Colleague: 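If you scroll down you'll find the structure; I have some questions about it.
We name chains A, B, ... by the order of the sequence lines, and we start the count at 1 in each one. Keep in mind the model is a prediction, meaning the values are calculated, not measured. Heavy atoms only: backbone and side chains are in, while hydrogens, waters and symmetry mates are out.
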Amino acid sequence: MIDRQALRKEFDRLQAAIARRGGDVIAPGSAWARVAELDVRQRELKTESEAQQAERNRASKAIGMKKSTGEDATAEIAAMGEVSRRVKELDTLAKDAEAEFAAALLEIPNPLHDSVPDGESEDDNVELRRWGTRRTDDVPPHWDIGTDLGILDFEAGARLAGSRFTVIRGAAARMERALMQFMLDLHADKHGYEEVWVPAIANSRTMTGTGQLPKFADDLYKLEGEDAYLIPTAEVPVTNLYQDKILDASDLPIRHCAYTPCFRREAGSAGRDERGIIRQHQFDKVELVHITTPERVLSDLNELLGHAEAVLEALELPYRTMQLCTSDIGFSSQLTFDLEVWLPSQNCYREISSCSSFGQFQGRRAGIRYRDEGGKPQPAATLNGSGLAIGRTLVAILENYWQADGSVSIPKVLQPYMGGMQVISK
RNA sequence: GGAGAGAUGUCUGAGUGGCUUAAGGAGCACGCUUGGAAAGCGUGUGUACUAUAAUGGUACCGAGGGUUCGAAUCCCUCUCUCUCCGCCA
């Protein structure tokens, strides 16, 4: 959410930062186009309403005084009937205007950070660096590798739940679990994160705090008849751990790692990645979340990115680090770096982690604040990144560690987590 | 799911219609006192919006409605928490 004061004082600067996203974000009729006017209207009504309320408070007090001394207040009470009616009327108008304004604010995306490169599509994302040696020989797609080894059962997943669900069996199931353990251990023990375990269901307030609602309801699974949604990422419950809290500056930065399942409806991505387990309705992920101060955002994001890269390097998976351009950055984010892992069967890099700074955008929405040096509450800055998406890591291992005899060797760091197993074969 | 009890500021805790601009206590901050500390004494101590040159104004006692000239207080609906019972991994 953008800052209300900034909306008035720095309208042009904000508009420019939002407009860089392209498309229709500032087009006529958009939330942005309406919000300035709604703000003015909301304030006018509120000022008028408050003036009436002040009058009512004064008069009520006077009546109270008279009554307590036994004087007659009939005339005053009669006169107050009209004032009271006006207060009710104005207060209703003011509240409606405020609600309309607040609703519009929630629809406005985060102004982009100045450092975000311009671009028309994801093709304009900027490659920052590459790590590892890509294998370029012929490798079958992971769905064939998994099916041949009997460790991925697409038919069973579809029968149990529908398309984009898969049953993982045997050594691959074990590897799924090993990956969670390995990643959490790395972040908790080596990178200094506090591990948390959180609900996989969140209410609408929580979903609004991190920006999934109100705009992206179609991407979420909602529980029937309840104010409850399946989380699309651990970002939602972990960041909102501090919802409506005022933190001490000395508490920051807070760093959490968490494993959760993630649920996404994938509305609008029909046809994309239909085979295999790259794009599933349910997948596992280890997430990194920072709560920090606005001043620290760039250095903290850099560290977080390093923590995610460390996972790929430990698993010896080749990857590249991308900076997302203006048109590819998510609604809530101001600055995003993606990690893309090499998939030899597709002969390209595929996203496996997304590390973002949200600036104070989520802090304002979720009411996460901290006291600055002057003791004043300020919205905290939030960051998060995948460290990593487990399912896609499994894909990357199956393909990058595939051997010509059809077997898949197991990355060294995972072997202790898999009872010493070194290779998956028939 | 059934029965009951609750929800007040950082915490505790009073407050059943009008000097409540939320008592008292604890905690915290500052000052006095002290060789230093404790105790004691004094002062201060929420959030948000809004106005002004400045003092201000309004809202917030779980949420939303209602009654009233006036609601933390009365009424209605909802949410959550706790206790007991039932069910259950």
Colleague: From CG of A:Leu45 over to C1' of B:G57, roughly how many Å is that when rounded to an integer?
Modeller: 17 Å

Colleague: If you assign each of A:Lys88 and A:Gln5 to its closest nucleotide in RNA chain B, which residue comes earlier from the 5' end?
Modeller: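 Whichever sits nearer the 5' end wins; that is A:Gln5.
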
Colleague: Taking only the C1' atom of each, what is the distance from B:U33 to B:C41 in whole angstrom?
Modeller: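 Result for the C1' pair: 8 Å, nearest Å.
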
Colleague: To the nearest Å, how far apart are A:Glu226 CD and B:C78 C1'?
Modeller: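 Going from CD in A:Glu226 over to C1' in B:C78 covers 15 Å.
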
Colleague: If the cut-off is 4.0 Å, is A:Arg371 near the phosphate of B:U10, judged by side-chain N/O to OP1 or OP2?
Modeller: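 For A:Arg371, the contact criterion (side-chain N or O under 4.0 Å from OP1 or OP2 of B:U10) is not met.
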
Colleague: Return the pairing partner of B:U83 with a 3.5 Å limit on both distances, Watson-Crick or G-U wobble; otherwise return none.
Modeller: B:A3

Colleague: Please measure how far the C1' atom in B:U83 lies from the corresponding atom in B:G31, and state the result in whole Å.
Modeller: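 It comes out at 48 Å once rounded to the nearest Å.
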
Colleague: Distance check: side-chain N/O of A:Asn57 vs OP1/OP2 of B:C69, anything under 4.0 Å?
Modeller: no

Colleague: Now, which nucleotide makes the Watson-Crick or G-U wobble pair with B:C61, with each of the two distances under 3.5 Å?
Modeller: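 Across all strands, not a single nucleotide pairs with B:C61.
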
Colleague: What contact category does A:Arg85 fall into here, base, sugar-phosphate, or nothing, at under 4.0 angstrom with non-hydrogen atoms?
Modeller: nothing

Colleague: With a 3.5 angstrom cut-off on both distances, give the Watson-Crick or G-U wobble partner of B:C88, or none if there isn't one.
Modeller: none

Colleague: When the P atoms of B:G1 and B:C88 are compared, how many Å lie between them, rounded to an integer?
Modeller: 16 Å

Colleague: Roughly how many Å apart are B:A5 and B:U10, using the C1' atom of each and rounding to a whole number?
Modeller: 26 Å

Colleague: From B:U47, B:G18, B:C49, pick the nucleotide closest to the side chain of A:Pro377?
Modeller: B:U47

Colleague: What does A:Arg8 touch in the nucleic acid at a heavy-atom separation under 4.0 angstrom: a base, only the sugar-phosphate, or nothing?
Modeller: sugar-phosphate

Colleague: Is the shortest side-chain N to carboxylate O distance from A:Arg58 to A:Glu55 below 4.0 Å?
Modeller: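 Salt bridge: yes.
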
Colleague: Round to the nearest Å and state the distance from A:Met80 atom CE to B:G18 atom P.
Modeller: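 That distance rounds to 16 Å.
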
Colleague: Could you state the atom-to-atom distance from CD of A:Glu50 to P of B:C49 in whole Å?
Modeller: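 Result: 12 Å.
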
Colleague: Nearest whole angstrom, please: distance from the C1' of B:U58 to the CD of A:Gln42.
Modeller: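 Between C1' of B:U58 and CD of A:Gln42: 13 Å.
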
Colleague: If the cut-off is 4.0 Å, is A:Gln53 near the phosphate of B:A59, judged by side-chain N/O to OP1 or OP2?
Modeller: yes

Colleague: Centres of the A:His113 and A:Phe358 rings: under 6.0 Å?
Modeller: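 Between A:His113 and A:Phe358, the centre distance exceeds or equals 6.0 Å.
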
Colleague: Scan A:Arg205 against the nucleic acid and name what it touches under 4.0 Å (heavy atoms): base, sugar-phosphate only, or nothing.
Modeller: nothing

Colleague: Is the distance from OP1 or OP2 of B:U50 to the nearest side-chain N or O of A:Arg4 less than 4.0 Å?
Modeller: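 Indeed not, no polar side-chain atom of A:Arg4 lies that close.
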
Colleague: With a 3.5 Å limit on both atom pairs, tell me what B:U43 is paired to, counting Watson-Crick and G-U wobble, or say none.
Modeller: B:A29

Colleague: Other residues, nucleotides and ligands only: do more than 12 of their heavy atoms fall within 6.0 Å of CD on A:Glu313?
Modeller: yes

Colleague: Roughly how far apart, to the nearest Å, are B:U16 and B:U8 at atom C1'?
Modeller: 15 Å

Colleague: Is there a Watson-Crick or G-U wobble partner for B:G36 with both distances under 3.5 Å, and if so, which one is it?
Modeller: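 Matched B:G36 with nothing under the 3.5 Å cut-off.
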
Colleague: To the nearest angstrom, how far is A:Lys245 atom NZ from B:U47 atom C1'?
Modeller: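 Nearest whole value for this atom pair: 15 Å.
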
Colleague: Specify the separation, in whole Å, of atom NZ of A:Lys46 and atom P of B:A51.
Modeller: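 One finds 10 Å between P of B:A51 and NZ of A:Lys46, rounded.
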
Colleague: Are A:Phe216 and A:Phe331, when compared by the centres of their aromatic rings, separated by less than 6.0 Å?
Modeller: yes

Colleague: Which part of the nucleic acid does A:Ala54 contact within heavy-atom distance under 4.0 Å: base, sugar-phosphate only, or nothing?
Modeller: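 Sugar-phosphate contact only.
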
Colleague: Judged by each residue's nearest nucleotide on RNA chain B, which is more toward the 5′ side, A:Arg58 or A:Asp3?
Modeller: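 The residue closer to the strand's 5' end, by nearest nucleotide, is A:Asp3.
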
Colleague: In terms of side-chain heavy atoms of A:Arg43, which of B:U50, B:U47, B:G70 is nearest?
Modeller: B:U50

Colleague: For A:Glu274, does the CD atom sit with more than 12 other heavy atoms under 6.0 Å from it, leaving out its own atoms?
Modeller: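 Yes, enclosed.
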
Colleague: Please determine whether the number of non-hydrogen atoms from other residues, nucleotides or ligands lying under 6.0 Å from atom CZ of A:Arg169 exceeds 12.
Modeller: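 12 or below, so no.
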
Colleague: For atom P, what is the distance between B:U58 and B:G25, given to the nearest Å?
Modeller: 28 Å

Colleague: Can you check the A:Leu247 CG to B:G46 P distance for me, whole Å?
Modeller: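 In whole Å, B:G46 P and A:Leu247 CG are 19 Å from each other.
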
Colleague: Write down the partner of B:U67 under the Watson-Crick or G-U wobble criteria, each distance required to be under 3.5 Å.
Modeller: none

Colleague: Decide, yes or no, whether a salt bridge links A:Arg265 with A:Asp219 under the criterion of side-chain N to carboxylate O below 4.0 Å.
Modeller: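 Result for this pair is no, no salt bridge flagged.
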
Colleague: Please give the distance between the C1' atoms of B:G36 and B:G46 as a whole number of Å.
Modeller: 35 Å

Colleague: Using purine N1 to pyrimidine N3 plus N6-O4 or O6-N4 for Watson-Crick, or N1-O2 and O6-N3 for G-U wobble, each under 3.5 Å, what pairs with B:U20?
Modeller: none

Colleague: If I pick the C1' atom on B:U43 and the same atom on B:U47, what distance separates them, to the nearest angstrom?
Modeller: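 Result for the C1' pair: 23 Å, nearest Å.
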
Colleague: Is the phosphate of B:G57, meaning OP1 or OP2, less than 4.0 Å from a side-chain N or O of A:Thr47?
Modeller: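 No.
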
Colleague: Please check if the side chain of A:Arg20 supplies one atom and the backbone of A:Val116 the other of a donor-acceptor pair under 3.5 Å.
Modeller: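 Confirmed, A:Arg20 side chain pairs with A:Val116 backbone.
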
